[in-house]
Amino acid sequence: MASIEFVNVTKEFEKKEIIKDLNLRIEDGKFTVLVGPSGCGKTTLLRMIAGIGPQTSGSVLLNGKDISNIAPGKRGVAMVFQNYAIYPTMSVRENIEFGLKNNKVNKIERKKLVESISEAVGLSEYLGRKPSTLSGGQRQRVALARAMVKQPSVFLMDEPLSNLDAKLRAQMRIDLIELHKKLGTTFVYVTHDQVEAMSMADTIVLMNQGLIQQEAPPEEIYHEPNNIFVAQFIGTPPMNIGELGVDGVRFGFRPESVTASTEPVESPFTLQGEVTTREMLGSETLYQIRYKETSFMIKSLIDKFSVNQKIHIGVNSDKLYFFADDGDRIHKDHIHYRDYFEALRGY
Amino acid sequence: MKKYNIWLSLDYILKAAVLLSFVFPFIWMISTSLQTFEETIKIPPTIFPSSPQWINFVDAMSSGPFVTYAKNSVIITSSIIIIQFLVMIPAAYAFAKYDFAGKKILFGMVLIAFMMPGQVTFIPIYLMMADWGLIKTLVPQILPFMSNAFGIFLLRQYFMQIPEEIIEAARLDNASEFKIVWKIMTPMAKPALATIALFSFVSHWNDYFWPLVMTDTNEVRPLTLGIAMLKQSEGISNWHIIMAGNVVLVVPILIVYLLCSKHIVKAFVYSGIK
Ligand SMILES: Nc1ncnc2c1ncn2[C@@H]1O[C@H](COP(=O)(O)OP(=O)(O)OP(=O)(O)O)[C@@H](O)[C@H]1O
Ligand SMILES: [Mg+2]
């Protein structure tokens, strides 16, 4: 059991500040997902927790205690690396057992642990094999088993599913959620796949360029984004953003919150535009609608609109978002919120 | 079509010529080692001896303390290789994966040592060994080769290609640096180590110059000197005996080569799992 805390942490690589004065608390027993675009510093954060890439300044606390001087192997932390980092010359069994041997676990205990873990991840038949003879999915399981067998109090996972095919990835997602339920330990999971983040997380920490943009449960991140970056990062296709033309304010709405019809619709925000592209996704259809010089994406259950057709779209007031010129969200209690809302009627 | 055939046959002829120029001395050596004295001086020269003279080997080996020579050669070469591994592996690991003050300078010194021929250093080393009273032992033939600059260089290149994450994973598995070097890095570098061992074996097994200047009694001389002395021991050159001695010298090299060869190609192409 362990909570993790970053206090005023910065990290520099070759004099370049990658993480800027970061404060973050990761709750004990929670499944926390770090998400953000490539290069935003997710791996860097994990490596600080693990102790293999220490911070430049500030402190990292584990259960309230500064761990800067504790060796990586003594922190009770296990990590699944992005590229697995399995020991290629050792068999699957030796890979899983290596950490236990170093921790002086006796032979009988070791055998019991290795066997129960490999049973749990479905590797029992492969214990004698060399990693080079395993498939990508099996290697990933070895990496997972190697971390699990140490019974760590913190599980760090760096995009562990990125090398798997879509089907296996979906399966592993469920397996990991179940694993977390069963172990009840702290999971810190890195991904740049927002679907993974939304489906697995108790808490999402969304980062960009070394700064935390928002830290919230998936529903809140989706429904109440703090700023334009969060609004556009989560959701596919991303939130539509338009210029309001007042104070540099921008408005936004999600493609899936649109009512579309060939008849005029009753909504606070409506417009008539022309369908420029149509993508049939199965249960839903994506349309791009051109209106004046801009265009908006909409996602609809109706698939009967065709390209070049003129259609009406409308968005309800609770699905509309406003952002100030610096990108930050303008909430309903903002003094000018009404004004912006009225301005949008005349859009 | 015709032109193509000409080029193709030319290609084969050239290959055959290259092969022959490498193989012929071997055939000559083996053939001579099995001839009688008369056959060795006959003109035109004999290629296939009328009946193989295995006695030549017995004659060669009984003309001096060859058991001692062979024992010395084995002790010297195997000690050198073992000591070199013990020194080279941690050194290469440090150069490949650590940052420390003076790293560049120290590595530069390794490279200089790599390019320094033994002929430059043998006098001071001899004097030093004589001072320490070690000339009547095998030490002067082993100690100066403790570190292998070429080996450190090759192994460092190899270690640098091993992903950092594997080492970090081991650290998270609570492995000591000692364990990382010997249990993780060394097994992964097997191909490079086989190559280095082979080069080192060949150069020290065949070494003539160094033992020549470092020894003054038969008790500490290796095979190369013993075989060279076959030539001097008789008034005229008994080529069949000398060649028999040479065959004895070369056979272990072939055996070691066969043991290492499957790793050697790999050494130059890192083959970790992707
Ligand atoms: N060892 C290093 N030396 C120099 N710069 C580094 C080093 N490691 C990371 N960086 C830089 O730090 C930034 C953050 O890297 P990090 O690996 O944390 O990104 P990430 O969020 O994990 O990205 P990805 O999703 O692509 O894995 C990047 O700009 C990267 O170039
Ligand atoms: Mg990363």
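No part of K190(B) comes within reach of chain A, as not one of its non-hydrogen atoms sits under 4.5 angstrom from that chain. In this structure, chain B has no heavy atom under 4.5 Å from any part of R75(A). Both the backbone and the side chain of A50(A) come within contact range of chain B, with heavy atoms under 4.5 Å apart.
Interatomic distance, CG of L62(A) versus CD1 of I49(A), reported as 9.0 Å (0.5 Å rounding).
Aromatic pair F122(B)/F209(B): centroids less than 6.0 angstrom apart. Between Y98(B) and Y93(B), the ring centre distance stays below 6.0 Å.
Interface check for chain A: of the options K183(B), E165(B), E164(B), the most heavy-atom pairs under 4.5 Å are formed by E165(B).
At most 12 heavy atoms of other shown residues, nucleotides or ligands fall within 6.0 angstrom of atom NZ in K112(A).
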